Amino acid sequence: MEFKNKVAISTGAASGMGLLFSESFAALGGNVIMCDVNEEVLSQKAKMINQRGVGKAVAVVCDVRDYSQVCAARDMAVTVFGRIDIMASFAGGTAVRMCKVSKADHPQFPDVPIDVYDWGIDVNLKGPFYFAHAVLKQMREQKSGLIINIGSITGAEGDPYGMDYATSKAGLMYGLTKSIARFGAEYGIRCVCISPGPVLTRPEMANMKTPLGRAAEPREIIDLILYVASEKGQFINGENIMIDGGRNAMGRKV
């Protein structure tokens with residue numbers, strides 16, 4: 001797989017799978033617009049990619065909840081590289097964890113302040129929706145492109161406490177991915193959702209059960225995304241691909 005002269009936008013690019021995708025895409029010859037709210041770390045990571053001297057990276061500070069910032073990131077990609085081939089939305093997380101909500105203080109869903117869930121829905125659902133809306137203008141004009149949404153096993157299982165995350169991921173996995181695929185077909189644009197089970201981006205993910213008895217390495221998720229984006233994956237469209245070690249085949253009591 002190689003991506004010479006291809007251009008990707010990645011959100012959540014200062015860390016985790018967003019960073020790993022950016023590094024991998026650039027190592028395979030692609031150019032990447034790296035978006036994140038953490039300006040200092042983002043700039044450092046983009047600099048490291050550029051020092052390797054293969055694909056180029058441009059750091060763009062972007063809050064995915066702000067449509068004007070989303071459009072600015074899109075415009076940067078077009079201004080610097082002339083096109084957008086791949087849009088990968090990695091930014092996200094369960095709001096009760098990201099906002100450090102204590103179950104001791106807020107024991108159940110109705111007790112959690114609604115602004116916490118607002119944050120989760122804005123980042124996990126509206127962020128990818130905003131980016132899709134913004135980049136599809138460019139992709140429609142160039143008559144090509146791929147939008148990668150990142151779902152989650154939680155979108156299939158549900159979560160009685162982190163409802164924002166389960167709701168948002170289900171929306172990406174089914175409604176948004178299929179809708180973009182239907183719209184984009186006329187213009188040579190594809191949309192695919194990749195939905196991981198437990199991934200070792202955090203140590204506690206190792207505690208989630210799978211029939212294979214382990215969580216995924218982040219590299220396994222990124223390798224699948226790169227395959228879908230490559231010339232080998234061009235017939236994959238409008239689909240939610242679960243990469244979960246078989247967890248979705250298990251009973252819902254685990």
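Everything numeric here is computed off the predicted structure, so don't read it as measured data.
In this structure a side-chain-to-backbone donor-acceptor pair under 3.5 Å is present from R247 to K209. Proximity of a side-chain donor or acceptor of R65 to a complementary backbone N or O of K126 within less than 3.5 Å is not detected. Side-chain atoms of S230 come within 3.5 Å of backbone N or O of K232 as a donor-acceptor pair. Remark: side-chain polar atoms of E239 are not paired, donor with acceptor, to backbone N or O of I241 under 3.5 angstrom.
Linking Ile, Leu, Val, Met, Phe, Trp and Tyr residues whenever their side-chain heavy atoms come within less than 4.5 Å leaves V61 and F90 in two separate clusters. L20 is connected to I86 through a chain of hydrophobic side-chain contacts under 4.5 Å among Ile, Leu, Val, Met, Phe, Trp and Tyr, so both are in one cluster. Cluster membership for I194 and V135, using ILVMFWY side-chain heavy atoms within less than 4.5 angstrom, is not shared. Note: the hydrophobic cluster containing M34 also contains F3 (ILVMFWY, side chain heavy atoms under 4.5 Å, direct or indirect links). Hydrophobic clustering (side-chain heavy atoms under 4.5 Å, transitive across Ile, Leu, Val, Met, Phe, Trp, Tyr) groups I180 together with L125.
The minimum heavy-atom distance linking M173 with G151 is given by the pair CG-CA, 3.8 Å. Between M205 and V199, the shortest heavy-atom contact is CG-O, 2.9 Å. Closest approach of A181 and N237 over heavy atoms only: CB-OD1, 3.5 Å. Annotation for P211 and M250: closest pair CD-SD, 3.2 Å, computed over non-hydrogen atoms. Here the closest non-hydrogen pair linking V116 and A95 is O-CB, 3.2 Å. When all heavy atoms are compared, the tightest approach of S24 to I222 is OG-CG2, 3.9 Å.
Atom CZ of R182 has 12 or fewer heavy atoms from other residues, nucleotides or ligands within 6.0 Å. No more than 12 heavy atoms of other residues, nucleotides or ligands shown are found within 6.0 angstrom of CZ on F129. Counted within 6.0 Å of CD on Q51, heavy atoms from surrounding residues, nucleotides or ligands total more than 12; the atom is thus considered enclosed. By the neighbour-count criterion of 12 heavy atoms within 6.0 Å, atom CE of M76 is sparsely surrounded, having that number or fewer from other residues, nucleotides or ligands. No more than 12 heavy atoms of other residues, nucleotides or ligands lie within 6.0 Å of CD in E40, so this atom counts as exposed by the packing criterion. Counting heavy-atom neighbours within 6.0 Å of E39 CD, excluding the residue itself, gives a total of 12 or less. Residue-environment remark: NZ (K137) exceeds the threshold of 12 foreign heavy atoms within 6.0 Å.
For the pair K4 and E2, the salt-bridge criterion is not met [side-chain N within less than 4.0 Å of a carboxylate O]. A salt bridge links R214 with E220; the closest basic N to acidic carboxylate O contact falls under 4.0 Å.
In this structure, I150 and P196 have side chains that are in contact, with non-hydrogen atoms separated by less than 4.5 Å. Residues R97 and R202 meet the side-chain proximity criterion, which asks for heavy atoms closer than 4.5 Å. Using a 4.5 Å heavy-atom threshold, the side chains of Y161 and T94 count as separate. You'll find the side chain of F25 stays beyond 4.5 Å of the side chain of S10, heavy atoms only. Looking at M163 and V112, their side chains never come closer than 4.5 Å, going by heavy atoms from C-beta outward.
For the atom pair I148 CD1 and C191 SG, the distance stands at 7.5 Å (nearest 0.5 Å). Expressed to the nearest 0.5 Å, how far SG of C62 lies from OH of Y130 amounts to 11.5 Å. Put simply, SG on C35 and CZ on R74 are 12.0 Å apart, with the number rounded to the nearest 0.5 Å. Between atom CG of residue D36 and atom CG of residue N38 there is a gap of 6.0 Å, rounded to the nearest 0.5 Å. Taken to the nearest 0.5 Å, the CG atom of L146 stands 9.0 Å off from the CG atom of D85.
Applying side-chain contact (heavy atoms from CB on, under 4.5 Å) to S89 and the options T11, I147, L176, I9 leaves one that passes, T11.
No hydrogens or angles considered: a donor-acceptor pair under 3.5 Å links the side chains of S195 and N240.
F109 and Y117 have tilted rings, their planes meeting at an angle from 30° to 60° on a 0 to 90° scale.
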